[in-house]
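Everything on this sheet refers to the single structure shown next.
In this text the structure is predicted, and so the values were computed from the model without any measurement.
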Amino acid sequence: MNYYLTGIEGMPRLLDCSENPMPEFKKKVYAEAFQKKFQQNVPTFDAIEEGYKTVIDKEQFLINMATALAEHATAKVNKCRRRGDREKVLMDLNLGMAVFVLPMVLEYHGESSKPLADKILEAWKKEFPKTNLQAAEYSYIEKGFHKKFCYITTAVCETFGKSDDCYELTLLRDYRDTYLASLPQGDALIQEYYDIAPTIVKHINSREDAREIYRRIWDTYLSPCIHMIEQEKLEDCRELYEDMVHTLQDKYFFLKN
């Protein structure tokens with residue numbers, strides 16, 4: 001078997017099988033969808049693992065694999081004529097990478113897995129400089145569904161000793177799953193949040209003044225949002241919460257650790 005050729009041909013298929021990820025990124029279907037995609041792509045991971053073990057220049061071998069995937073993504077984006085369509089495709093690609101492709105790479109648990117994930121992140125950043133993907137394992141993401149993914153609010157509450165089932169988190173999660181998800185653009189808003197919030201939290205946590213930052217987030221955004229929900233000012237809450245996410249994105253998303 002030509003391990004190099006099999007790997008190169010298989011890398012774009014990782015992306016293709018993860019297109020339109022949002023319908024499968026839901027609590028009831030994610031685990032099954034992920035395992036199905038992973039099993040479909042095991043032959044690619046087998047080839048990359050065997051090739052990695054036998055080649056002399058292991059780093060270049062993985063760079064070539066990662067480049068094949070990233071360039072395939074660029075081709076998908078460039079097919080779109082309208083800017084809005086390109087942005088939508090890139091958003092889907094980012095989510096697919098975050099919740100399927102990178103977790104599949106790490107789920108293989110081979111000698112090549114972690115180095116390959118690192119090279120994919122480097123190649124992706126080169127093709128799409130404004131993105132800042134992070135690699136997470138499947139088990140971490142799947143476990144997050146039991147907490148219902150509320151990254152920023154959870155980080156703030158944990159900083160101040162509040163439990164995962166505290167009143168504030170429960171209220172905001174219910175707001176997201178009922179009101180926000182029911183809006184015409186609700187899924188897009190939630191998808192955007194999934195795409196950027198984990199990186200925002202990671203970058204805030206790396207700072208010495210993280211506790212002060214979270215205090216400001218609580219005072220400026222989360223506490224007022226909670227009061228708005230209690231007063232049934234649901235649209236006001238949406239506007240303020242969106243403002244929080246975009247403000248934090250501008251300040252903290254592109255920080256270098």
Side-chain angles (χ1 to χ4, degrees), residues 1-25 30 33-81 83 85-138 140-141 191 194-196 198-199 254 256:
M1 176 186 290
N2 187 326
Y3 298 126
Y4 180 86
L5 183 59
T6 301
I8 284 288
E9 292 178 346
M11 290 301 290
R13 289 197 290 270
L14 294 178
L15 206 60
D16 291 341
C17 79
S18 303
E19 286 185 319
N20 191 26
M22 196 61 185
E24 295 180 311
F25 190 49
Y30 175 64
F34 177 86
Q35 293 300 334
K36 180 179 180 180
K37 295 178 193 298
F38 176 70
Q39 292 302 323
Q40 288 173 343
N41 289 283
V42 164
T44 295
F45 299 134
D46 284 341
I48 293 173
E49 180 73 1
E50 292 304 315
Y52 182 75
K53 290 178 178 178
T54 57
V55 297
I56 296 176
D57 193 340
K58 298 181 185 301
E59 181 177 15
Q60 188 60 53
F61 177 81
L62 295 183
I63 289 174
N64 292 348
M65 298 296 146
T67 300
L69 186 148
E71 290 182 346
H72 185 62
T74 298
K76 286 178 174 291
V77 173
N78 289 342
K79 284 182 180 179
C80 301
R81 295 181 179 180
R83 179 179 177 181
D85 292 339
R86 291 195 297 271
E87 291 176 350
K88 174 62 169 61
V89 168
L90 182 55
M91 184 181 296
D92 283 343
L93 289 172
N94 280 332
L95 182 62
M97 287 288 293
V99 302
F100 286 115
V101 176
L102 289 165
M104 281 194 289
V105 171
L106 296 175
E107 183 72 6
Y108 186 77
H109 296 299
E111 292 180 19
S112 63
S113 299
K114 181 61 168 63
L116 176 59
D118 292 340
K119 293 304 178 185
I120 289 173
L121 290 173
E122 291 175 10
W124 197 265
K125 185 70 173 179
K126 182 178 179 181
E127 292 292 321
F128 308 107
K130 293 184 178 181
T131 64
N132 198 1
L133 286 176
Q134 302 292 325
E137 294 187 0
Y138 161 74
Y140 172 81
I141 296 173
Q191 179 175 333
Y194 286 156
D195 192 29
I196 67 176
T199 298
F254 295 106
K256 294 182 178 180

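For the pair Thr67 (side chain) and Asn64 (backbone), a donor-acceptor distance under 3.5 Å is absent. Side-chain N or O atoms of Lys37 include none that pairs as donor or acceptor with a backbone N or O of Ser18 at under 3.5 Å. With Glu49 contributing its side chain and Glu111 its backbone, the two residues share a donor-acceptor pair below 3.5 Å.
Gly96 and Pro21 make their closest contact through N-CG, 3.6 Å (heavy atoms, listed as atom of the first residue, atom of the second, distance). Minimum heavy-atom separation, Ala68 to Pro12: O-CG, 4.1 Å. Across every non-hydrogen atom of Ala136 and Pro103, the tightest pair is O-CG, 3.3 Å. Minimum heavy-atom separation, Arg13 to Thr44: NH2-OG1, 4.3 Å. The shortest heavy-atom contact between Ala73 and Leu15 is CB-CD2, 3.4 Å. Across all non-hydrogen atoms, the minimal contact from Leu106 to Ser113 is CD2-O, 4.2 Å.
Distance check: Met97 CE to Leu90 CG gives 10.5 Å after rounding to the nearest 0.5 Å. The CZ atom of Phe38 lies 5.5 Å from the CD atom of Glu107; values are rounded to the nearest 0.5 Å. Separation of atoms CZ (Phe45) and CD (Glu50) is listed at 14.5 Å; rounding is to 0.5 Å. Atom CE in Met11 sits 5.0 Å away from atom CG in Leu116 (nearest 0.5 Å). The distance from atom CD1 of Ile63 to atom NZ of Lys126, rounded to the nearest 0.5 Å, is 9.0 Å. Annotation: the span from Tyr52 atom OH to Phe61 atom CZ amounts to 10.0 Å, rounded to 0.5 Å.
When side chains are defined from C-beta on, Leu102 counts as touching Leu121, because their heavy atoms get closer than 4.5 Å. Contact annotation: the side chain of Lys76 approaches that of Asp16 to within less than 4.5 Å [non-hydrogen atoms, C-beta and beyond]. Taking 4.5 Å as the limit, some side-chain heavy atom of Cys17 sits within range of a side-chain heavy atom of Met104. Using a 4.5 Å heavy-atom cutoff, the side chains of Ile48 and Val105 are not in contact.
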**Request:** Decide side chain to side chain contact (heavy atoms under 4.5 Å, CB included) for Leu62 and Asp118; before the verdict, give the C-alpha distance in whole Å, the side-chain angles of both, and the deciding distance to 0.1 Å.
**Result:** CA-CA 9 Å; Leu62 295 183; Asp118 292 340; over 6 Å; no

**Message:** Could you go through Asp85 and Lys79, starting from their C-alpha distance and side-chain angles, then the distance that decides it, and tell me whether this counts as salt bridge (Lys or Arg N to Asp or Glu O under 4.0 Å)?
**Reply:** CA-CA 9 Å; Asp85 292 339; Lys79 284 182 180 179; over 6 Å; no

**Message:** Evaluate Val99 against Glu24 for side chain to side chain contact (heavy atoms under 4.5 Å, CB included), listing each step before the verdict.
**Reply:** CA-CA 10 Å; Val99 302; Glu24 295 180 311; over 6 Å; no

**Message:** I'd like to know whether Val55 forms a side chain to side chain contact (heavy atoms under 4.5 Å, CB included) with Gln60, so could you lay out the CA-CA distance, the side-chain angles of the two residues, the decisive distance to 0.1 Å, and finally the verdict.
**Reply:** CA-CA 9 Å; Val55 297; Gln60 188 60 53; over 6 Å; no

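Here Arg83 pairs with Glu87 in a salt bridge; the nearest charged N to carboxylate O distance falls below 4.0 Å. Look at Glu122 and Lys119 and you find a salt bridge, because one of the NZ, NE, NH1 or NH2 atoms lies within 4.0 Å of a carboxylate O, short of that distance.
Ring orientation note: the planes of Trp124 and Phe128 are tilted relative to one another, at an angle of 30° to 60°.
Aromatic pair Tyr138/Tyr108: centroids not less than 6.0 angstrom apart.
Counting heavy atoms of neighbouring residues, nucleotides and ligands inside a 6.0 Å radius, atom CD of Glu59 does not exceed 12 of them.
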